[in-house]
Amino acid sequence: MNYTLDYTPTKKQALFHASNADEVLYGGAAGGGKSRAIVMEAVIDALEHDGIDAYIFRRSYPELERTLIAEALRCVPSELYKYSKISHDMCFHNGSTLHFRFCRNMQDALKYQGCEMHRLYIDELTHFTQEVYDYLKTRLRAPKRLKVKPKIRLTTNPGGVGHGWVKAQFIDSMPPFEVQSFSVYSQVLGRQFNVTRQYIPAYATDNPHLNSEYIIELEQKPPALRKALLLGDWNVFEGQVFAEFVNDPKHYRDRLFTHVIDPFVIPDDWQRYRSLDWGYSRPFSVGYWAQDKEGRLYRYAEIYGSVKDSATGLTLRANTGMKMPPHEVASLIRKYEDKYEKGRHIIGIADPSIFDESRGSDGCIASILERQGIYFEGGDNERIAGKMQVHHRLSFDERGIPMMYIFKTCRDFIRTFPTLTYDINRVEDINTDGEDHIYDETRYMCMYKPIYPERPKEKDKSGGFDPLDLFSRPKVTNPYAF
């Protein structure tokens, strides 16, 4: 018996369905038909292959019910499946099943430890941490009898706790539309594997099913939200903490209205600083700063504790540390400073937790660093005040000059800093689930050398005539009075 699905894909959706890449990310802007594309991809694939188990994730069941489940129930003929509201499973007549599931964090992800996923679908990928995504991928496998190759299909808009790692993995690392091959090493199997990825950008203007009112509505949004949702701009998004941060290559040389600049030789008489945020399973971060005679800070070098690609030097796994003990981190710092900072006096400011004596039998982290001549004093960990100091430093004056510059060679700062989002439970602070380690040591640095914006000058009331100010009008003598 033949059935017809009420679905005509757009050109971008058709590319999504036709891709042979192992991992495909579709989306980038609102209104591009992401939810419908991922649901129809899952349904058609399940109907074409007997006996497969496909898992479709969002962060919560209410989100699933409002979007993906509703889309599936609306578009798929009821004769083709049985749906259980209790298990959230859509079972087809050929033995294939779509499992609609939620996953908010690693604790939820571990619930799927025993699952065999032949297909993995995730809607709104930036709502997931890379740790969760990588774990769910370990459940992806298929027995040879099914004669299917496991695959991953993803959709998302910019923004969310996973914005940084998704941008690094799918947007910055490859051109749109092109299928790229990446080498992945398996420690268990002891050999390299190639994984193919593809990013297919989609916009509201690609979707003929949307009316013009929707486009107009997106155009009325605040600038950051408009760029993200309408234009799919991955450099700005709603909830971005430091939306004022500017990385403009056109001004790297003249340093006007940009925070990222070309490197230059730092004068010997400028004071230098070293800031540290400690990390083990998460990255540690060491930033090197110089201060000019006007009090302006320049981040000129950094050591970031993440696994790097040997060819490009780029971080391979966002927000994942190298699990290096303190003495090895000290050796890295010592090696850098012996080579580049020989004979210079550097003031160290660090995460106060490194002075905690209860953290190890060899003494606190600070004492272990001191054995190799790396000295720190505890930084001010006041979070809200520190955040405001960073904002003050980023502000441009009337000439377009900020109080903090970043050398373009500090790539992990440039990668992570703009992706920071607000904590929904503490709306004035940073979401610490994000990759905030460079931000933290930057905050310690800014709190060590605080600045305060100039107060607006008070209006001079000693002269001038204001006809609207009855109290500041000058007294007028009547020449005709006796």
Side-chain angles (χ1 to χ4, degrees), residues 242 244-277 283-306 308-315 329-350 369 372-377 379 389-390 392-418 437-439 441-451:
F242 298 107
E244 66 266 50
F245 179 74
V246 178
N247 178 7
D248 187 352
K250 296 190 299 294
H251 291 284
Y252 280 1
R253 181 168 297 181
D254 64 27
R255 308 177 196 170
L256 298 178
F257 293 104
T258 183
H259 297 101
V260 182
I261 61 173
D262 283 334
F264 60 89
V265 177
I266 297 172
D268 288 335
D269 60 344
W270 288 10
Q271 178 61 58
R272 303 198 183 206
Y273 302 89
R274 179 203 316 112
S275 55
L276 168 69
D277 185 64
F284 65 84
S285 182
V286 183
Y288 287 88
W289 305 84
Q291 185 178 36
D292 67 16
K293 300 305 180 181
E294 295 181 353
R296 190 169 292 104
L297 292 176
Y298 298 78
R299 184 184 183 92
Y300 63 90
E302 61 186 23
I303 303 172
Y304 194 63
S306 61
K308 302 288 197 299
D309 182 275
S310 58
T312 65
L314 297 176
T315 291
V329 176
S331 295
L332 282 180
I333 297 173
R334 184 75 278 151
K335 182 178 179 180
Y336 166 81
E337 294 188 7
D338 286 346
K339 184 174 182 179
Y340 296 105
E341 307 284 355
K342 198 70 173 178
R344 294 194 178 101
H345 173 62
I346 299 177
I347 298 174
I349 310 100
L369 298 176
Q372 297 196 43
I374 311 296
Y375 297 94
F376 288 98
E377 53 185 284
Q389 280 298 316
V390 177
H392 295 335
R393 289 271 177 189
L394 292 174
S395 296
F396 294 109
D397 64 15
E398 65 279 359
R399 301 167 296 170
I401 299 175
M403 290 299 290
M404 179 167 65
Y405 281 121
I406 312 298
F407 280 14
K408 69 179 183 182
T409 49
C410 296
R411 291 188 290 186
D412 281 301
F413 183 103
I414 295 168
R415 177 180 64 84
T416 63
F417 186 79
H437 321 292
I438 284 179
Y439 160 71
E441 46 100 340
T442 297
R443 176 166 55 87
Y444 302 143
M445 181 67 246
C446 291
M447 284 294 282
Y448 190 78
K449 302 295 291 187
I451 61 172

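The analysis underlying the following values was restricted to heavy atoms, covering all of them including side chains, and did not include hydrogens, waters or symmetry mates.
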Item to check | Candidate pair Arg274 and Ile347, rule side chain to side chain contact (heavy atoms under 4.5 Å, CB included), full reasoning | outcome: CA-CA 6 Å; Arg274 179 203 316 112; Ile347 298 174; over 6 Å; no
Next on the checklist: To check you understand the geometry: which heavy-atom pair defines the closest contact between Ala301 and Cys410, and what is its length?
Outcome noted: N-SG, 3.7 Å
Checklist entry - Can you name the side chain to side chain contact (heavy atoms under 4.5 Å, CB included) partners of Leu256, sequence neighbours left out? => result His251, Asp254, Ile401
Checklist entry - Phe284 and Ile303: side chain to side chain contact (heavy atoms under 4.5 Å, CB included), yes or no, with the steps? => result CA-CA 8 Å; Phe284 65 84; Ile303 303 172; 4.0 Å; yes
Checklist entry - So how far is it from Ile406 CD1 to Thr258 OG1, rounded to the nearest 0.5 Å? => result 10.0 Å
Checklist entry - How would you list, by chain and number, every residue that makes a salt bridge (Lys or Arg N to Asp or Glu O under 4.0 Å) with Lys250, sequence neighbours excluded? => result Asp248
Next on the checklist: Filter on salt bridge (charged side-chain N to carboxylate O under 4.0 Å, His left out), then keep only pairs touching residues 284-299, sequence neighbours left out; what's left?
Outcome noted: Asp269-Lys293, Asp292-Arg296, Glu294-Arg296, Arg299-Glu302, Arg299-Glu441
Checklist entry - How far does OH of Tyr444 sit from CG of Asp277, to the nearest 0.5 angstrom? => result 5.0 Å
Checklist entry - Would you find a donor on one side and an acceptor on the other, under 3.5 Å apart, between the side chain of Tyr405 and the backbone of Arg255? => result yes
Checklist entry - Does the side chain to side chain contact (heavy atoms under 4.5 Å, CB included) test come out yes or no for Thr442 and Trp289, once each step is laid out? => result CA-CA 9 Å; Thr442 297; Trp289 305 84; 3.6 Å; yes
Checklist entry - Under the criterion side-chain contact (heavy atoms from CB on, under 4.5 Å), which of Phe242, Phe245, Phe413 is the partner of Pro418? => result Phe245
Checklist entry - Do the side chains of Val260 and Ile414 get nearer than 4.5 Å, heavy atoms only? => result yes
Item to check | Criterion side chain to side chain contact (heavy atoms under 4.5 Å, CB included) on Ser331 and Gln372, from CA distance to verdict | outcome: CA-CA 7 Å; Ser331 295; Gln372 297 196 43; 3.3 Å; yes
Next on the checklist: Please enumerate all residues that pass salt bridge (Lys or Arg N to Asp or Glu O under 4.0 Å) together with Lys308, with sequence neighbours excluded.
Outcome noted: Asp412
Checklist entry - About how many Å separate CD of Gln291 and CG of Leu297, when rounded to the nearest 0.5 Å? => result 5.5 Å
Next on the checklist: Any non-hydrogen side-chain atom of Val329 less than 4.5 Å from a side-chain atom of Ile374?
Outcome noted: no
Checklist entry - Is there a donor-acceptor pair closer than 3.5 Å between any side-chain N or O of Arg393 and the backbone N or O of Met404? => result no
Item to check | Residue list, side chain to side chain contact (heavy atoms under 4.5 Å, CB included) with Glu341, at least two apart or on another chain | outcome: Arg272, Tyr288, Tyr300, Tyr336, Glu337, Arg344, Ile346
Item to check | Sequence-distant partners of Phe396, side chain to side chain contact (heavy atoms under 4.5 Å, CB included), two or more places apart | outcome: Val246, Phe257, His259, Pro402
Item to check | Separation between CZ of Phe264 and CZ of Arg253, rounded to the nearest 0.5 Å | outcome: 14.0 Å
Next on the checklist: Taking the side chain as everything from C-beta on, heavy atoms only, tell me whether Lys408 gets closer than 4.5 Å to Pro263.
Outcome noted: yes
Item to check | Where Pro450 and Gln389 come nearest, the two heavy atoms and their spacing | outcome: CA-OE1, 3.2 Å
Next on the checklist: If I compare all heavy atoms of Tyr304 with all of Thr315, which pair ends up nearest, and what's the gap?
Outcome noted: CD2-OG1, 4.3 Å
Checklist entry - Rounded to the nearest 0.5 Å, what separation is found between the OG atom of Ser285 and the CD1 atom of Ile438? => result 4.0 Å
